[in-house]
Amino acid sequence: MSRASAPAFPAAMFATMNGTTQSPRKAPPEAASTNGFAHMNGASAKHGATENGEGEGGELLQKVLEMVLREKIVTGIEASEKVIEFKQPEELKKLFDLRVGHDGCSPDEAHALLEQVVRYSVKTTHPHFYNQLYAGIDEVALTGAWLTEALNTNQYTFEVAPVFMLVEHEVIRQLVELYGFDDGDGIFAPGGSMSNMYAMVLARYKKNPNVKKTGVFSLKPLIVFTSDQGHYSVSKSASWLGIGMDHVVPVATDEQGRMLPEALRKAVQKAREQGGDPYFVNATAGSTVFGAYDPLDQLADVCAEEGLWLHVDGCWGGAVILSKKYKHLISGIHRVDSVAWNPHKMLGAALQCSAFVTKHKGLLHQCNSARASYLFQQDKYYDVSYDTGDKSVQCGRKVDAFKLWLSFKLHGMDELERRVDAAFAASRHLCEQVKAREGFRLLQEPQCTNVCFWFIPPSLRNLPETPEWWVKLSKVAPQLKERMVREGSLMVGYQPVASKGLVNFIRMVTTCTPTPTHAHMDFVLDEIERLGADL
């Protein structure tokens, strides 16, 4: 049984009815090429190039579309197929001719190469790919991604990206409203790590505006706080920003991985006593391993009392903002200073799609503007308030907001809410099955869609749980992972959490696309039992 596929869309989008595509409009004779690919040096006709070395006729694009549809990469891969046809690195090198030459490939060679790429790549839209905090995409997501790539424009001025500038403004407005901010601003960044860094930069600028010109050299050591289960990007950002990784303070969490407000308060006081200048708190909405949601209301109280910027890393679990049933997990979100959310994770937007939103309107521009005269002229022929590229730390920037907007527009918010709820429902079913089956042991009740558990093989059951027993158990998850990947039937993550005294366990996550079902969850446990029966 395969995961339920997304609703069908009009033929104009992909025309996948009965596995066929509509005939493309015929190009005018002067635009048609002979059969192949352009080469910079006007390669010989045996490679299919035109005389002037220009213009493909669309054959390569047709080939890619044909493969995507034939292999059902975004339209419903069958669960009986492999998630991956795994080869070791050296084996894979022998299968691919990775060298590049002077003449380039013929069309036939190119087609064969693309077939190999698909064959040996991980099928993230497979119903049993649960390896990371993202999974598949649907036709709408792929449509948005392909169209933005084909138009190949840059999100810095209305002049070169008129539609996409309006789209980003509208999506940010919608997110500001969803988070309950009275006003605000935002930007799309190349991933959640960069979104978290945006928050740290803005908080530093708001506290010390002169830092933009004079740097950090005259400042007391700035101190950052994050939970001991928070994402590693906070420490990396501290390194890049000159704050220093030693000035990132891990705050204790409870048994479910949620930051303890009183522990934060004490950590802030200690940092002040040691001569530091606390300025930023990173809370988490759906931590990487446990899927923990920090108590935002209580943390907001501490930050208000201490004068600290409160940021929420909701890159993974932030999709609950779309669900009336699970939105309570981020209660207090309206009180924070900024939020990072990756729709390319649970929601299933095409990589990359990462939003950063803040309640402080205008601060992004004040903090990041460099007023490049060749881009952001103030005497242009249109309203230059739409030239928002100067509030970005980048110059070149993808039009990623379009991917989320198209999903909002075509699916509708009700459908996206149903998908989020389905991902949570599947994780709750899995949790109950883990508790009911012999040989499985749940670590904790899930908060997000992360279900963490051990599989105890028959050889280790009903034995004293000595230190030696735990060492043996720690080796089970890695062995299971190897077996499932070699068979290609399943991909699930695992890891230890040393800070909690936990040896390797399985971390299973569910996402929105393709829609997970109870049957899929049952298969996961059945397959783990089968693969681990002799361990």
Side-chain angles (χ1 to χ4, degrees), residues 2-3 36-37 47 59-137 142 145 191 288 344 350-352 455 457 472 474-496 504-509 511 514 520 523-535:
S2 67
R3 273 158 130 169
F37 314 124
H47 287 122
E59 294 89 351
L60 195 61
L61 297 177
Q62 290 286 353
K63 177 64 177 179
V64 171
L65 179 58
E66 181 266 320
M67 284 193 299
V68 168
L69 295 174
R70 185 190 71 224
E71 301 296 329
K72 299 182 178 180
I73 292 174
V74 296
T75 54
I77 298 175
E78 294 295 328
S80 59
E81 297 184 24
K82 288 187 174 185
V83 180
I84 180 175
E85 187 170 329
F86 179 76
K87 302 292 182 184
Q88 293 288 355
E90 294 305 316
E91 293 179 284
L92 203 56
K93 285 181 183 179
K94 293 176 182 177
L95 291 170
F96 278 83
D97 183 1
L98 298 174
R99 298 168 299 171
V100 295
H102 292 287
D103 291 337
C105 294
S106 70
D108 287 344
E109 290 169 335
H111 294 170
L113 179 63
L114 293 175
E115 293 281 358
Q116 279 188 302
V117 170
V118 171
R119 178 176 178 179
Y120 294 110
S121 290
V122 175
K123 310 304 187 295
T124 61
T125 308
H126 192 287
H128 296 308
F129 175 82
Y130 311 101
N131 207 67
Q132 317 298 147
L133 299 182
Y134 70 88
I137 57 174
L142 186 58
T288 304
H344 69 235
L351 280 157
Q352 62 194 28
F455 173 68
K472 291 179 181 179
S474 72
K475 298 176 182 179
V476 170
Q479 290 176 291
L480 284 171
K481 179 62 174 285
E482 179 181 357
R483 291 182 177 190
M484 65 178 68
V485 170
R486 287 188 180 279
E487 293 225 1
S489 60
L490 183 67
M491 285 187 73
V492 182
Y494 74 89
Q495 72 278 314
N504 281 324
F505 56 87
I506 295 166
R507 182 207 63 177
M508 168 75 187
V509 294
T511 61
H520 294 133
F523 171 83
V524 169
L525 300 185
D526 290 344
E527 187 68 354
I528 288 173
E529 284 184 319
R530 183 183 74 83
L531 294 172
D534 63 341
L535 292 177

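Along the sequence shown, residues carry numbers from 1.
- Nearest heavy atoms, Ile506 versus Ile528: CD1-CD1, 3.9 Å.
- With sequence neighbours left out, the ring pair (Phe, Tyr, Trp, His ring centres under 6.0 Å) criterion links Phe86 to no other residue.
- With sequence neighbours excluded, no residue satisfies salt bridge (Lys or Arg N to Asp or Glu O under 4.0 Å) with Glu71.
- When all heavy atoms are compared, the tightest approach of Ser474 to Asn504 is O-ND2, 2.9 Å.
- Annotation: the span from Ser489 atom OG to Glu81 atom CD amounts to 13.5 Å, rounded to 0.5 Å.
- Take Glu66 and apply the side-chain hydrogen bond (donor to acceptor under 3.5 Å, both in side chains) test, not counting sequence neighbours, and it matches Arg70.
- Side chains of Gln132 and Met491 form no contact here, defined as non-hydrogen atoms less than 4.5 Å apart.
- Residues Leu525 and Phe455 fail the side-chain proximity criterion, which asks for heavy atoms closer than 4.5 Å.
- Using a 4.0 Å cut-off between charged nitrogen and carboxylate oxygen, Asp534 and Arg483 count as a salt-bridge pair.
- Among pairs with a residue in residues 118-136, those fulfilling salt bridge (charged side-chain N to carboxylate O under 4.0 Å, His left out) read Glu85-Arg119, at least two apart in sequence or across chains.
- Shown here are the ring pair (Phe, Tyr, Trp, His ring centres under 6.0 Å) partners of Phe505, two or more places apart in sequence or in another chain: there are none.
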Exercise. Kindly determine whether Asn131 and Lys481 satisfy side chain to side chain donor-acceptor pair (under 3.5 Å), including the steps that lead there.
Key: CA-CA 10 Å; Asn131 207 67; Lys481 179 62 174 285; 2.8 Å; yes
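- Closest of all the heavy-atom pairs between Leu60 and Ala110 is CD1-CB, 4.3 Å.
- With sequence neighbours left out, Arg530 forms a side-chain hydrogen bond (donor to acceptor under 3.5 Å, both in side chains) with Glu487, Glu527.
- In this structure, Lys72 has no side-chain hydrogen bond (donor to acceptor under 3.5 Å, both in side chains) partners at least two apart in sequence or on a different chain.
- Remark: Leu351 engages Tyr134, His344 in a side-chain contact (heavy atoms from CB on, under 4.5 Å) (not counting sequence neighbours).
- Take Glu90 and apply the salt bridge (Lys or Arg N to Asp or Glu O under 4.0 Å) test, not counting sequence neighbours, and it matches Lys93.
- Pairing each heavy atom of Pro514 with each of Pro127, the nearest pair is CG-CA, 4.2 Å.
- In this structure the side chain of Val118 reaches within 4.5 angstrom of the side chain of Ile73, judged on heavy atoms.
- A search for side-chain hydrogen bond (donor to acceptor under 3.5 Å, both in side chains) contacts involving Lys472 returns nothing, not counting sequence neighbours.
- The heavy-atom pair separating Thr124 from Phe129 by the smallest distance is O-CD2, 3.7 Å.
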Exercise. Mind running salt bridge (Lys or Arg N to Asp or Glu O under 4.0 Å) on Glu482 and Arg486 for me, showing each step along the way?
Key: CA-CA 6 Å; Glu482 179 181 357; Arg486 287 188 180 279; 3.0 Å; yes
Quiz prompt | Derivation and outcome, side chain to side chain contact (heavy atoms under 4.5 Å, CB included), residues Phe96 and Gln116 | solution = CA-CA 8 Å; Phe96 278 83; Gln116 279 188 302; 3.6 Å; yes
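- In plain terms, the two heavy atoms of Val68 and Val74 that are nearest each other are CG1-CG2, 4.0 Å.
- No option in Arg507, Met508, His128 other than Met508 meets the side-chain contact (heavy atoms from CB on, under 4.5 Å) test with Val492.
- Shown here are the side-chain contact (heavy atoms from CB on, under 4.5 Å) partners of Asp97, two or more places apart in sequence or in another chain: Arg99.
- Take Tyr494 and apply the ring pair (Phe, Tyr, Trp, His ring centres under 6.0 Å) test, not counting sequence neighbours, and it matches no residue.
- Interatomic distance, Tyr120 OH to Glu115 CD, rounded to the nearest 0.5 Å: 11.5 Å.
- Looking at Val83, Val485, Val524, Ile84 one by one, the single match for side-chain contact (heavy atoms from CB on, under 4.5 Å) with Leu490 turns out to be Val524.
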